Amino acid sequence: MQSDLTLYNSLSRQKDVFKPIDANNVRMYVCGPTVYDFAHIGNARPVVVFDLLYRLLRDKYGSDHVTYVRNITDIDDKIMNRAAEENIDIMTLTQRTTEYFHADTDALGVLRPNHEPRATEYVEQMIGMISTLMEKEYAYATEGHVLFHTPSMEDYGKLSRRSLDDMIAGARVEVAPFKKDPTDFVLWKPSDNEQMGWQSPWGYGRPGWHIECSAMAGKLLGDTFDIHGGGIDLIFPHHENEIAQSCCTTGKPYVNYWMHNGFLQINGQKMSKSLGNFFTIRQLLTEKNIAGEVVKLLLLRTHYRQPLDWTDDGVTECQNILEKWFSKIEDISEVKAGLPEAVKNALYDDLNMPAAIAEMHHLSPEDLARCLKFLGFEKTLRTGKLSEADIKALIDARNQARADKDFAKSDAIRDQLLEDGVHLKDTRDGTSWTRK
Ligand code: AMP
Ligand code: ZN
């Protein structure tokens, strides 16, 4: 008998037994990074947590029967500002940052999603949705903007269950004189001629952030899908607004299970640049020389819904745990990944990783090897230093990009290698490299 997978659903506020709409195609969407800078260690938490869920779903339903979408937000005011500051074009910035994100998350040993849609490639879908919302009178155009009118939706606020006052306070940054209601939110906004934008029925402009996810998720996963995830900060307004846009467009439910990871702090304090406790994944891997597996274990060993405190002691503890586990097992390259029953039971209880780890300490070497492989802990401790094979692969990718005349990409790869101290030299016989 298959045991039930239960997941805490932010919508029902309880642990629900997971029942997919279609067991042949279980569908999950997770909000991905806004690509203007290196991902910080807080951003790595949803990546690692939903990777764990993805692995469980693939195991339960079959690896060809799960579709995991994690978007790339590549149009946003922060991106436009950063590109202007650095005097580079937006595509160069977003492509370079996306490559960094891939390299950093690969170093954590997480699987790539099945689709990584970029918002700029779905603007047509966004305009289509906004047009439908206008036709159905859920939205109105004013001063070049299109706004969603929240009182037009009966159960607006059902995910966050906030009071109207809270919602107004939460939305305050966006309160503009042309809004009919303070909680109305932007679907489309005008761009000036120098800014990135698209032609639309409401003039030259660009989409609001919320509609991006609704459009990408709807296009790739259908009107109603199984799981939607992200950090807890996204419940309001982002996910609340996604529900409003999608349900009002399609007239159907949007998502059955909403899942949110808690926030990561550093030594009990909110991470912030001004406090000097802000770390990117890359800094931890390279400057602090912490192995990707150690980072991942630290991110997983606290239950995903709890706040997570990142400390130096935690790093040492995770390092010790992994060293102990790795010392018990032989090479796992040939091992068949699998979940021992006790570990599976723990993880099926709303991804109870602390309980799973407690079980892992008692496994036989054989079971431990299968389990570590399942979770994506290979028997290495990868640091940020690129291996020779990594470097060769990147050089090949760069040469391919140059052959395709995609110089933004080839430059981004060269910059990425430089970040890791690898210098390239192009000669008539090919590309050689040296480490600084
Ligand atoms: P952003 O690029 O800010 O939109 O964030 C990308 C993802 O990282 C979202 O799912 C956020 O909820 C999540 N996130 C951002 N900061 C933290 C943090 N300190 N702890 C946990 N998750 C975070
Ligand atoms: Zn989103």
Side-chain angles (χ1 to χ4, degrees), residues 32-39 69-107 111-127 191-200 204-207 212 215-216 219-220 280-282 286 384-436:
T34 305
V35 283
Y36 67 101
D37 206 343
F38 289 104
V69 178
R70 188 182 61 216
N71 73 292
I72 301 274
T73 297
D74 63 348
I75 170 74
D76 178 271
D77 288 0
K78 289 198 275 288
I79 295 175
M80 299 199 322
N81 295 341
R82 179 63 62 90
E85 267 165 44
E86 291 193 22
N87 201 17
I88 52 176
D89 64 70
I90 287 175
M91 282 287 272
T92 307
L93 174 66
T94 56
Q95 285 193 2
R96 182 176 78 192
T97 314
T98 303
E99 309 247 352
Y100 293 152
F101 181 74
H102 284 156
D104 292 347
T105 51
D106 286 352
L111 301 169
R112 295 266 182 106
N114 301 92
H115 301 278
E116 259 193 328
R118 287 150 209 257
T120 50
E121 290 168 5
Y122 290 78
V123 174
E124 203 183 310
Q125 277 78 29
M126 298 172 204
I127 292 177
S191 293
D192 62 37
N193 287 338
E194 283 82 55
Q195 285 177 320
M196 194 173 201
W198 290 261
Q199 292 304 337
S200 82
Y204 181 71
R206 58 192 191 279
E212 296 177 7
M216 289 183 272
K219 176 77 182 165
L220 291 166
T280 63
I281 306 173
R282 176 137 325 187
T286 55
K385 282 218 165 50
L386 293 169
S387 70
E388 289 194 18
D390 293 337
I391 294 170
K392 231 194 127 289
L394 283 166
I395 290 176
D396 288 347
R398 175 171 171 263
N399 286 338
Q400 186 59 49
R402 291 166 86 199
D404 298 341
K405 303 218 178 320
D406 184 351
F407 298 113
K409 181 164 181 191
S410 63
D411 286 351
I413 297 175
R414 191 197 53 213
D415 290 349
Q416 183 192 338
L417 285 163
L418 257 182
E419 286 274 336
D420 285 302
V422 177
H423 292 250
L424 300 186
K425 194 162 171 219
D426 295 312
T427 68
R428 216 174 300 156
D429 303 328
T431 307
S432 63
W433 60 273
T434 47
R435 240 196 255 267
K436 200 168 48 175

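Not measured: the values here are computed from a predicted model.
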Return the minimal non-hydrogen interatomic distance between [X] and [Y], and the atom names on each side.
{"X": "Ala103", "Y": "Gln416", "answer": "CB-NE2, 3.3 Å"}
{"X": "Lys409", "Y": "Gln95", "answer": "N-OE1, 3.8 Å"}
{"X": "Phe101", "Y": "Arg70", "answer": "CE2-NH2, 3.5 Å"}

Nearest 0.5 Å, please: how far is [atom2] in [Y] from [atom1] in [X]?
{"X": "Asn87", "Y": "Leu93", "atom1": "CG", "atom2": "CG", "value": "12.0 Å"}
{"X": "Ile79", "Y": "Asp76", "atom1": "CD1", "atom2": "CG", "value": "5.0 Å"}
{"X": "Arg398", "Y": "Asp426", "atom1": "CZ", "atom2": "CG", "value": "4.5 Å"}
{"X": "Ile391", "Y": "Asp396", "atom1": "CD1", "atom2": "CG", "value": "12.0 Å"}
{"X": "Glu419", "Y": "Thr286", "atom1": "CD", "atom2": "OG1", "value": "8.0 Å"}
{"X": "Asn81", "Y": "Glu85", "atom1": "CG", "atom2": "CD", "value": "6.5 Å"}

Checklist entry - Does OH in Tyr100 sit with more than 12 non-hydrogen atoms of other residues, nucleotides or ligands closer than 6.0 Å? => result yes
Next on the checklist: Can you confirm whether more than 12 heavy atoms, excluding those of Glu124, are under 6.0 Å from its CD atom?
Outcome noted: no
Checklist entry - Run the side chain to side chain contact (heavy atoms under 4.5 Å, CB included) check on Asp411 and Thr92 step by step: do they pass? => result CA-CA 9 Å; Asp411 286 351; Thr92 307; over 6 Å; no
I'd like to check [X] versus [Y] (side-chain heavy atoms, cut-off strictly below 4.5 Å). Are they in contact?
{"X": "Pro117", "Y": "Asn71", "result": "yes"}
{"X": "Ile75", "Y": "Met80", "result": "yes"}
{"X": "Arg206", "Y": "Val123", "result": "no"}
{"X": "Leu220", "Y": "Tyr122", "result": "yes"}
{"X": "Arg414", "Y": "Arg402", "result": "no"}
{"X": "Trp433", "Y": "Leu394", "result": "no"}
{"X": "Ile413", "Y": "Glu99", "result": "yes"}
{"X": "Gln195", "Y": "Asp192", "result": "yes"}

Checklist entry - Do you know which of Thr120, Thr98, Thr97 makes side-chain hydrogen bond (donor to acceptor under 3.5 Å, both in side chains) with Asp74? => result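 Among Thr120, Thr98, Thr97, the one meeting side-chain hydrogen bond (donor to acceptor under 3.5 Å, both in side chains) with Asp74 is Thr120.
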Checklist entry - So does Glu121 pair up with Lys219, basic N to acidic O under 4.0 Å? => result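 Between Lys219 and Glu121 there is no salt bridge, as every charged N stays at least 4.0 Å from the carboxylate O atoms.
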Checklist entry - Are Asp404 and Gln400 linked by a side-chain donor-acceptor pair shorter than 3.5 Å? => result yes
Next on the checklist: Tell me if a side-chain donor or acceptor on Ser191 pairs with a main-chain N or O of Met196 at a distance below 3.5 Å.
Outcome noted: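 It does hold such a pair.
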Next on the checklist: side chain to side chain contact (heavy atoms under 4.5 Å, CB included), that's the test. Do Gln125 and Met216 meet it? Break it down for me.
Outcome noted: CA-CA 8 Å; Gln125 277 78 29; Met216 289 183 272; over 6 Å; no
